[in-house]
Enquirer: 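Let me give you the structure first, and then I'll get to my questions.
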There are 2 protein chains.
Amino acid sequence: MPISVYVVRMARAATTSDVFNAIAEPQRRDILVLLRSGEWPVTEVARELGMSQPGASKHLRVLRDVGLVRDRQVGRRRLYGLEADGLRPVHEWTGGFEEFWNGAFDRLEAYAQELEAGHDEEEQR
Amino acid sequence: MPISVYVVRMARAATTSDVFNAIAEPQRRDILVLLRSGEWPVTEVARELGMSQPGASKHLRVLRDVGLVRDRQVGRRRLYGLEADGLRPVHEWTGGFEEFWNGAFDRLEAYAQELEAGHDEEEQR
DNA sequence: ACAACATATACCGATATCGGCATGTGTCAA
DNA sequence: TTGACACATGCCGATATCGGTATATGTTGT
């Protein structure tokens, strides 16, 4: 009996099931910003942001899958609301670079290069 | 004389020439983190992060196009260094949601829903 | 000018993405 | 139960993305 082994070659390491990827799409960022004002039904989101209803639905689906929004049924409508916790990792990750855009570090770097210029052409790392 | 008009239908609104999209790729985030330790030549980046040389080159190209890294020629090698300013907009954008992951706002929201429960089924915006 | 090293680019295949359109599913009200 | 409204999903075409392999470009030292 032959045993078949299927090897899946992925074209992209990260799928949309990732917060960084979810917010890479401008329209999805717009939705998140809109949702800061409260809960919105799908159709209203679509109208407000000038997209089709299926379009809004799909983007909201992605946002829900990564936990950036929650939904609850109210009447015949489904209200979507912000679940901003998921943005925290992104904020913190970028925050890890804060020192590099502060002037303090730039001055340090400039000083280091100045020192380096005084030496031979040197190897770093 | 006929005039031909070509209409380009884009499949994706945002291309890679956007910081949010650039950091959506895990390997590129790894590169940025690595570059916090200083400037690195392409081959070393590839070795350190376990990717091929062309792979590293391509990712660095994307990062350079969006201004997240800079490069300078040193000997026969090209050193890539961090240009963290580009991450600031991302940090600030996510920061705009900070109040929503702070307990303070959650309590406010809970309070609002409590009030709402006392009313009729009402419309919110 | 040439070999060796370092990096960039071109091309390819597999897959993912996005928008549009059509259609399915669910919920209410009469 | 049926019709109207609200939303989700399926399918499609155009394009983008990513990794791999091969090859082009550039740089140094001889």
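Letters A, B, ... are given to chains in the order of the sequence lines, protein chains preceding strands, and every chain is numbered from 1.
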Enquirer: Which whole-number value in Å describes the distance from A:H59 NE2 to C:dA16 C1'?
Expert: 14 Å

Enquirer: Quick one: A:I23 CD1 to C:dT17 C1', roughly how many Å, whole number?
Expert: 17 Å

Enquirer: Can we say A:E92 and A:R88 salt-bridge, meaning some charged N sits less than 4.0 Å from an Asp/Glu carboxylate O?
Expert: yes

Enquirer: Do nucleotides 3-12 of chain C as a string where each nucleotide becomes B, S or -: B if the base has a protein heavy atom under 4.0 Å, S if just the sugar-phosphate does, - if no protein is that close.
Expert: --SSBBBB--

Enquirer: Determine, using ring centers only, whether A:H91 and B:W101 are less than 6.0 Å apart.
Expert: yes

Enquirer: Could you tell me if B:R36 sits above the aromatic ring of A:F100, with its cationic atom closer than 6.0 Å to the ring centre and no more than 45 degrees from the axis?
Expert: no

Enquirer: Would B:R64 and B:Y80 count as a cation-pi pair here, with the cationic atom under 6.0 angstrom from the ring centre and within 45° of the axis?
Expert: no

Enquirer: Take the protein atom CG of A:L49 and the nucleotide atom C1' of C:dG19, then report the distance between them rounded to whole Å.
Expert: 15 Å

Enquirer: If you round to the nearest 0.5 Å, how far is CZ of A:F97 from CD of B:E83?
Expert: 13.0 Å

Enquirer: Could you tell me whether the side chain of B:I23 reaches within less than 4.5 Å of the side chain of A:F20, counting heavy atoms only?
Expert: yes

Enquirer: Do A:Q27 and A:L49 have side-chain heavy atoms sitting under 4.5 Å apart?
Expert: no

Enquirer: Please state how far atom CG in B:D30 lies from atom P in D:dC18, giving the value in whole angstrom units.
Expert: 14 Å

Enquirer: Take atom CZ of A:R72 and atom C1' of D:dA6, then tell me their distance rounded to the nearest Å.
Expert: 16 Å

Enquirer: Wobble G-U and Watson-Crick pairs count when both distances are under 3.5 Å; given that, what is the 5' to 3' dot-bracket string of DNA chain D, with | for pairing to other strands?
Expert: ||||||||||||||||||||||||||||||

Enquirer: Is the closest side-chain heavy-atom distance between A:L35 and A:I31 below 4.5 Å?
Expert: yes

Enquirer: CG of B:L63 versus P of D:dC18: gap in Å, rounded?
Expert: 11 Å

Enquirer: To the nearest angstrom, how far is A:N21 atom CG from D:dA16 atom C1'?
Expert: 12 Å

